[in-house]
There are 2 protein chains.
Amino acid sequence: MATDDLMTRALEALGDDGPLSVEAIHRLTDVPDVPETMTIAEVADLLDLSPHTLRYYERAGLVEVARDGNGHRVYDADAVRRLVFLTRMRLSGMAMRDLQHYVALADAGEHTVPERLDVLVEHRDTIRRRIRELTLSLAAVEYKIATYGGATGPDVHALGTTTGAERTALPDEPPRRALPAG
Amino acid sequence: MATDDLMTRALEALGDDGPLSVEAIHRLTDVPDVPETMTIAEVADLLDLSPHTLRYYERAGLVEVARDGNGHRVYDADAVRRLVFLTRMRLSGMAMRDLQHYVALADAGEHTVPERLDVLVEHRDTIRRRIRELTLSLAAVEYKIATYGGATGPDVHALGTTTGAERTALPDEPPRRALPAG
DNA sequence: GTATGCCTTCGAGCGCGCTCGAACGCAAAA
DNA sequence: TTTTGCGTTCGAGCGCGCTCGAAGGCATAC
């Protein structure tokens, strides 16, 4: 996905780690510049996705976009804001169909606010779960890196921290059969 | 993916959070029971994936599996161990083609150990990056849940911790225009 | 004997999220 | 006037990771 770059920029802008201050979240959440209207190229540039993808999102019913005299798309501030939101959700792993559902709710009016919040809360839980999964996987990979050779060599000393286990202390793989990939 | 269940079980077995002790990682990393040989159904059961998927992995060149007199697959301990590893890597997001590369290296002999470690280290970094991305997304979603209605309402008080912002204190959405999905 | 159940191979199909190409329109620049 | 550059619509294609169905083999259960 081309939009990975968006996330890269966000991460760099926030300084890669640190305790995620409120201001950082503001910087992350607030849309920097919202001109009155934008062309498809400008929006594509802003969100680091292709015009093709923007048209695809429109076809999928995620945004409505007006046309000018030449039939060219004119993105107003609301459309851009919605696309920013949608892009963020896509980057965090929300499926197209869920976004379609959410957008349908949003377009249905204020009375769907509780249901929309349910969707967001559920997605929040999905993200949390995925982070836990990845943390587990990370530990496993680090363990494998540290003890490379398989379950035989218990060189666990490098596992003090979750971020330990660098390319240093690497025991040679004990020569067993060739098959088990690692 | 059916194998999500594997991860679910791993998470439950480890107790969902806590500081990821060395024993926990052992429990995560060690294969519980490795019988001499297993049938495709048994392996599928063990790894929570379908026989179809196991055959697909074999077709993809990720494992070699012997046959018995009836032409049925016989998974030996090495094959099972490799599949456990492969499944873990898949769950952590490694692409099939990368696994194919890794496996080719493993089959090429001991001299590829450094290159294999490079692959693992790179994948470790990918996982770390993805965790950071998701953490950022999580913060954004939590922020949106807490301040539902958009950037207007700065109800940031619920954002003290990254895991704060529960379904409680939810300000009503300020009535602006309908479009910006949220 | 036949029915069941699990296995085999092979190739096709699917759902997702884009991604692209063809054929065309309009407008400002050379 | 022609070229360039950016836009349009429509529908097809792609890469990924499975997932499935058809047609058949073998063995145990009834």
Side-chain angles (χ1 to χ4, degrees), chain A residues 1-7 37-76 79 83 86-103 123 126 130, chain B residues 1-7 37-76 79 83 86-103 123 126 130:
Chain A
M1 217 190 309
T3 45
D4 281 351
D5 300 334
L6 222 199
M7 186 59 90
T37 66
M38 297 177 79
T39 68
I40 194 169
E42 289 164 350
V43 177
D45 229 57
L46 177 70
L47 300 177
D48 267 313
L49 31 84
S50 72
H52 278 303
T53 302
L54 284 174
R55 294 189 200 103
Y56 165 69
Y57 285 177
E58 186 179 347
R59 257 188 291 173
L62 296 184
V63 256
E64 283 181 22
V65 185
R67 305 297 139 106
D68 68 7
N70 294 325
H72 290 197
R73 285 172 177 78
V74 178
Y75 290 84
D76 62 15
L83 281 167
L86 293 170
T87 304
R88 249 181 227 133
M89 289 300 131
R90 288 291 304 119
L91 282 175
S92 67
M94 187 178 274
M96 287 294 289
R97 67 179 56 210
D98 292 342
L99 284 175
Q100 287 167 332
H101 177 210
Y102 187 92
V103 153
H123 183 56
T126 300
R130 187 63 187 144
Chain B
M1 214 191 311
T3 45
D4 280 352
D5 300 333
L6 222 200
M7 187 58 90
T37 67
M38 296 177 79
T39 69
I40 194 170
E42 288 164 350
V43 176
D45 228 59
L46 176 70
L47 300 177
D48 266 315
L49 30 84
S50 72
H52 277 304
T53 302
L54 285 174
R55 292 188 202 105
Y56 165 69
Y57 284 177
E58 186 179 347
R59 257 189 292 173
L62 296 185
V63 255
E64 284 181 22
V65 184
R67 305 298 139 107
D68 67 8
N70 296 325
H72 290 195
R73 285 171 176 79
V74 178
Y75 291 84
D76 63 16
L83 281 167
L86 293 170
T87 303
R88 249 183 226 131
M89 289 299 132
R90 289 290 306 119
L91 283 175
S92 68
M94 186 177 274
M96 286 295 289
R97 67 179 54 211
D98 292 342
L99 284 175
Q100 286 167 332
H101 177 210
Y102 187 92
V103 153
H123 184 55
T126 300
R130 187 63 187 145

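Proteins get letters first, then strands, A, B, ... in listed order; numbering begins at 1 in each.
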Once you round it to whole Å, what is the distance between [atom2] of [N] and [atom1] of [X]?
X: Asp68(B); N: dC6(C); atom1: CG; atom2: P; result: 16 Å
X: Gln100(A); N: dG15(C); atom1: CD; atom2: P; result: 14 Å
X: Leu49(A); N: dC18(C); atom1: CG; atom2: C1'; result: 11 Å
X: Met96(A); N: dC16(D); atom1: CE; atom2: C1'; result: 17 Å

Exercise for the section: Show your reasoning for whether side chain to side chain contact (heavy atoms under 4.5 Å, CB included) applies to Thr39(B) and Arg73(B). Expected result: CA-CA 6 Å; Thr39(B) 69; Arg73(B) 285 171 176 79; over 6 Å; no
Could you go through nucleotides 23-26 of chain C and list every protein N or O atom that sits under 3.5 Å from one of its N or O atoms, giving the distance for each pair?
unit_1, atom_1, unit_2, atom_2, d
dC26(C), O3', Asn70(A), OD1, 3.1

Handout entry: Listed nucleotide nearest any side-chain atom of Thr53(B), set dG7(D), dT19(D), dG17(D)
Key =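 My answer, after comparing the listed nucleotides, is dT19(D).
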Problem - Minimum-distance nucleotide (side-chain atoms of Arg90(A) versus dC18(C), dC16(D), dG7(D)) - result: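 Of all the options, the side chain of Arg90(A) is nearest to dC18(C).
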Practice task
Check whether any side-chain nitrogen or oxygen of Tyr57(B) sits under 4.0 Å from OP1 or OP2 of dG17(D), and answer yes or no.
Solution key: no
Exercise for the section: Please determine if a side-chain N or O atom of Tyr56(B) lies less than 4.0 Å away from the OP1 or OP2 oxygen of dC20(D). Expected result: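 Tyr56(B) to dC20(D) OP1/OP2: no side-chain N or O under 4.0 Å.
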Handout entry: Whether over 12 other heavy atoms sit under 6.0 Å from Arg67(B) CZ
Key =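 Enclosed.
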Practice task
Identify the heavy atoms of Ile40(A) and Pro51(A) that sit nearest to each other, and give their distance.
Solution key: CD1-O, 3.7 Å
Problem - Any side-chain heavy-atom pair of Val103(A) and Leu86(A) under 4.5 Å - result: yes
Taking only nitrogen or oxygen atoms into account, show me every contact under 3.5 Å that the protein makes with nucleotides 9-13 of chain C, one pair per line with its distance.
unit_1, atom_1, unit_2, atom_2, d
dT9(C), OP1, Arg67(B), NH1, 2.4
dT9(C), OP2, Arg73(B), NH1, 2.9
dT9(C), OP2, Arg73(B), NH2, 2.7

